[in-house]
Amino acid sequence: MAKLKLNEQQLQAVRYISGPCLVLAGAGSGKTRVITEKIVHLIKNCSYNAYNICAVTFTNKAAREMKERIALEFQSSEIQGLRVATFHSLCLEILREEHEHIGLKKNFVIFDEYDQLALIKEILGEMDISLTSELINEEARNTLNRISHYKNDLIMPDDVYYLNLKDKQEFGMLYEKYDNILQLYNAVDFDDLILKVIVLFKKHANILAKWQGRIRYLLVDEYQDTNTAQYELIKLLVKSHEHFTVVGDDDQSIYSWRGARPENINILSQDFPLLKVIKLEQNYRSKGRILKCANALIAHNDHLFLKNLYSEHGLGHYIRIITGENPSDEARKVVVDLMGTRVEKAAKYTDYAILYRSNYQSREIEEQLIRAKIPYKVIGGTSFFAQQEIKDMMNYLRLIAYGDNSAFLQVINLPPRGIGPKTLESFTKYAAEQNLNYFEATTDYSIFSALSNKDSDKFYTFGQQIEDIRERVNGDNGLDEISKIVEYVGYKDWIIEHSTNLKVATKILDNIQILCDWVKKSMEGDVKNLEKPKTFEEAIDRLSLREMLDRNEQEYELDEVTLMTLHSSKGLEFKYVYLIGMEEGILPHSKTLEENGEDVSEERRLAYVGITRAREELTISYAKTRPARDLTTNKLCNKKVKPSRFIDELPREELLIDGEKTEDQEIAEEEKKFNIISNLDSMFNNYKP
């Protein structure tokens with residue numbers, strides 16, 4: 001297949017090599033191709049040795065794909081020594097070579113998160129910081145995150161004492177001790193890899209000069225995601241020659257919570273006055289209306305460099321807005337719409353993506369997809385059914401419904417009932433000899449002659465408990481009993497006792513309640529959607545279908561709908577995209593509104609990323625009410641919510657809200673019909689047999 005020609009802006013970005021260059025690459029504008037083509041150009045046409053070129057990106061996957069593209073253009077000997085690496089792997093290479101200048105031995109080790117947390121816990125204990133065992137894990141993780149942010153912002157332990165912090169003395173001592181112990185162990189953590197290289201370069205000008213000579217041309221991908229330390233590293237490496245290209249999109253900077261600094265794009269123009277800015281504005285992915293909405297939305301953010309995406313793929317369909325009375329109704333309408341458009345367009349499930357701000361939003365969608373028997377996969381988060389408490393509860397439900405042997409083995413010691421491996425082995429052997437499934441074996445009196453009285457008692461009591469629950473859920477008040485299963489089997493008390501704190505326990509129990517509510521809804525039936533009431537066993541069958549799909553997914557690639565967060569969707573594209581939960585408090589997120597007030601620029605960029613994932617059609621949805629926890633009663637209640645301000649920022653003439661057309665849209669469609677009829681008349685009038 002012939003390679004597509006570069007457009008004028010892409011070609012300009014590839015050929016400009018005489019000074020610092022910023023390529024502002026809009027969504028779907030071919031930024032990765034520009035980087036790879038520029039590396040090819042530097043080697044083939046500009047007398048650069050591959051050994052003197054370094055391309056830096058954020059993930060090993062991106063680096064690997066870049067290498068594969070470049071390798072297609074050369075013999076392996078021609079690109080020997082070419083560096084295509086992540087920031088951290090590049091810095092590891094430097095530290096391995098220069099270790100003695102930074103106080104490290106050659107065989108220094110890199111602490112992973114497990115090692116770091118263990119060290120933090122040890123220090124917290126030595127500092128006699130009063131923490132309960134339930135809070136120690138949470139405190140250790142929070143401390144580690146805090147140290148990581150400081151290192152990424154180039155804040156050393158000594159600097160902490162000069163910050164305006166209430167706990168600066170205590171935290172400064174902890175941070176200092178953590179770093180000292182790492183040094184003592186001849187170890188570094190992940191953030192040290194970059195930080196120590198910066199310290200090394202600033203202390204030893206000769207070593208910096210050596211690496212500046214080795215890396216004569218630097219290219220940086222996803223520049224908008226760089227943090228303070230990464231930008232400082234870039235600046236040091238290119239300071240002597242200023243031969244570099246950074247490629248990024250300030251409108252897709254969505255990782256400030258990870259330390260990314262979108263303002264690095266503005267700082268670049270200050271630090272390098274000769275910076276040449278090249279904009280890639282032609283989008284090769286989306287239809288015109290999608291881009292028009294994306295441009296209108298992101299225009300509400302402040303920009304140093306303005307850009308306007310355009311496409312040659314035609315206008316495409318209106319952006320549709322779906323409203324639901326509540327999250328369940330919203331999810332139902334989205335899935336019904338997906339089913340309809342799939343039939344209409346003869347599309348595959350893989351053409352569809354459902355995007356959301358937070359992982360918990362997938363629950364309602366998952367339920368509706370299961371109801372409709374639509375296969376799906378969850379990317380970048382944990383499926384509701386993959387969460388441990390849901391797997392545990394599903395095992396209990398399967399055991400209660402039809403005495404499942406596998407489920408029995410999963411829950412017999414959950415919570416612990418003092419049944420050891422040898423006792424369990426004797427029990428399963430006894431069940432096989434009696435030709436009984438495990439549940440039947442627990443309630444068979446012959447168990448008392450097969451096992452000791454103490455062990456028999458444990459199994460018999462458990463069996464009677466499950467039998468009692470089975471009778472309850474199949475009785476007159478069965479629906480009310482389903483939510484109590486978690487209490488009857490002792491799982492609720494066990495979760496409360498073993499969770500790190502009450503907040504975690506509440507979240508786990510809320511998830512179990514959601515699962516129980518699904519079972520109850522299935523048993524009640526849905527007249528509106530022509531669903532007959534189901535028995536308890538039939539309701540569990542429906543939910544078990546989800547797990548069967550999960551097992552199949554591991555064996556081969558299924559035709560399935562993709563569910564993912566907006567953060568996870570960056571860099572991907574789909575024919576048809578549903579952007580759900582577009583409400584105030586969700587997108588923009590309530591945490592952002594609390595911390596930043598009216599500054600929702602990053603949340604707007606997140607919405608922009610979601611919109612620009614769509615190639616053919618975009619559908620946005622929101623609910624009018626949403627469950628919220630009442631702070632006084634600690635109970636869930638329905639609360640009215642407002643549609644996201646981002647919907648109001650989209651051009652009204654491009655939206656189709658719940659199928660209703662605006663007057664302008666009606667006129668436009670009438671004109672279109674008139675033009676079609678006029679063209680047909682003209683064709684017939686000019687026709688000559």
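Between I647 atom CD1 and L297 atom CG the span is 10.5 Å, to the nearest 0.5 Å. To the nearest 0.5 angstrom, L618 atom CG is 5.5 Å from I319 atom CD1. Atom CG of D179 sits about 8.0 Å away from atom CG of L195, to the nearest 0.5 Å. Note: E560 CD to T350 OG1 = 8.5 Å, rounded to the nearest 0.5 Å. With rounding to the nearest 0.5 Å, the separation of CG in L219 from CD1 in I35 is 6.5 Å. Once rounded to the nearest 0.5 Å, the distance linking CZ of R357 with OG1 of T565 reads 8.5 Å.
What you find for A607 and F646 is that their closest heavy atoms are CB-CD1, 3.9 Å. Of all non-hydrogen atoms in T57 and A62, the two that sit nearest each other are OG1-CB, 3.6 Å. Taking both residues in full, the closest heavy atoms of Y352 and R342 are given as OH-N, 3.0 Å, listed atom of the first, atom of the second, then distance. In terms of heavy atoms, E603 sits closest to I586 at OE1-O, 4.1 Å. The minimum heavy-atom distance between L193 and C91, with the atom names listed, is O-CB, 3.2 Å. Across all non-hydrogen atoms, the minimal contact from L309 to G26 is CD2-CA, 3.7 Å.
Few gaps surround NZ on K210; more than 12 heavy atoms of other groups in view lie less than 6.0 Å from it. Atom NZ of K345 has more than 12 heavy atoms from other residues, nucleotides or ligands within 6.0 Å. When the shell of 6.0 Å around CZ of R15 is examined, it contains 12 or fewer heavy atoms from other residues, nucleotides or ligands. Counting non-hydrogen atoms of neighbouring residues, nucleotides and ligands closer than 6.0 angstrom, the CZ atom of F74 exceeds 12 such neighbours. By the neighbour-count criterion of 12 heavy atoms within 6.0 Å, atom CD of E312 is sparsely surrounded, having that number or fewer from other residues, nucleotides or ligands. In this structure, R141 places its CZ atom where only 12 or fewer heavy-atom neighbours from other residues, nucleotides or ligands lie under 6.0 Å away. Within a 6.0 Å sphere centred on CG of N145, heavy atoms belonging to other residues, nucleotides or ligands number more than 12. Around atom NZ of K591, no more than 12 heavy atoms belonging to other residues, nucleotides or ligands sit under 6.0 Å away.
In this structure, the side chain of R83 does not engage the main chain of A55 through any donor-acceptor pair within 3.5 Å. The closest donor-acceptor contact from the side chain of Q361 to the backbone of S358 lies under 3.5 Å. Y223 places a side-chain N or O within donor-acceptor distance of the main-chain N or O of N264, the cut-off being under 3.5 Å. For D559 (side chain) and Y349 (main-chain N/O), a donor-acceptor pair under 3.5 Å exists by modelled atom type.
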Item checked: CA sep, side-chain torsions, deciding dist, call: V335, Y376, side-chain contact (heavy atoms from CB on, under 4.5 Å) -> CA-CA 12 Å; V335 171; Y376 69 90; over 6 Å; no
Notebook entry, point to check: Stepwise, does the side-chain contact (heavy atoms from CB on, under 4.5 Å) test hold for C21 with V23?
Noted result: CA-CA 6 Å; C21 180; V23 180; 3.9 Å; yes
Next item on the list: Walk me through it: do Y578 and I365 pass the test side-chain contact (heavy atoms from CB on, under 4.5 Å)?
Entry: CA-CA 11 Å; Y578 290 88; I365 288 290; over 6 Å; no
Check: Yes or no on side-chain contact (heavy atoms from CB on, under 4.5 Å) for R33 and L6, after CA distance, side-chain angles and deciding distance?
Finding: CA-CA 9 Å; R33 189 178 172 210; L6 296 171; 3.5 Å; yes
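Taking the ring axis of Y576 as reference, the NZ or CZ atom of R615 does not stay both within 45° of it and closer than 6.0 Å to the ring centre. For R289 and Y318, the positive end sits near the middle of the six-membered ring, less than 6.0 Å away and at most 45° from its axis.
There is no side-chain donor-acceptor pair under 3.5 Å between D115 and Y185. Under 3.5 Å, the side chains of E222 and Q224 contain a donor-acceptor pair of N or O atoms. Looking only at atom types and distance, the side chain of Y231 has a donor-acceptor partner in the side chain of D271 under 3.5 Å away. Looking at D251 and H303, their side chains do bring a donor and an acceptor atom within 3.5 Å of each other.
Ring pair Y48/Y217 is perpendicular by interplanar angle, where above 60° counts as perpendicular and below 30° as parallel.
Between I265 and F305 the shortest side-chain heavy-atom distance falls below 4.5 Å. L22 is listed as a side-chain neighbour of L24, based on a closest heavy-atom distance under 4.5 Å. Within the 4.5 Å cutoff, the side chain of E113 has no heavy atoms near those of the F190 side chain. Between E616 and K287, the closest side-chain pair of non-hydrogen atoms falls below 4.5 Å. Two residues are said to be in side-chain contact when any heavy atoms from C-beta on lie closer than 4.5 Å; L233 and F201 meet this criterion. Residues L566 and I254 are not in side-chain contact: their nearest non-hydrogen atoms beyond the backbone lie 4.5 Å or more apart. Contact of the L572 side chain with the M564 side chain is registered, since non-hydrogen atoms from C-beta on lie closer than 4.5 Å. Put simply, the side chain of R605 reaches to within 4.5 Å of the side chain of P262, judged on heavy atoms.
Applying side-chain hydrogen bond (donor to acceptor under 3.5 Å, both in side chains) to R261 and the options N227, D153, T226 leaves one that passes, D153.
Between E232 and K235 there is a salt bridge, since a side-chain N of the basic residue sits under 4.0 Å from a carboxylate O of the acidic one. Electrostatic pairing of K307 and D250 counts as a salt bridge here, judged by a charged N lying under 4.0 Å from a carboxylate O.
Ring pair F58/F87: centre-to-centre distance below 6.0 Å.
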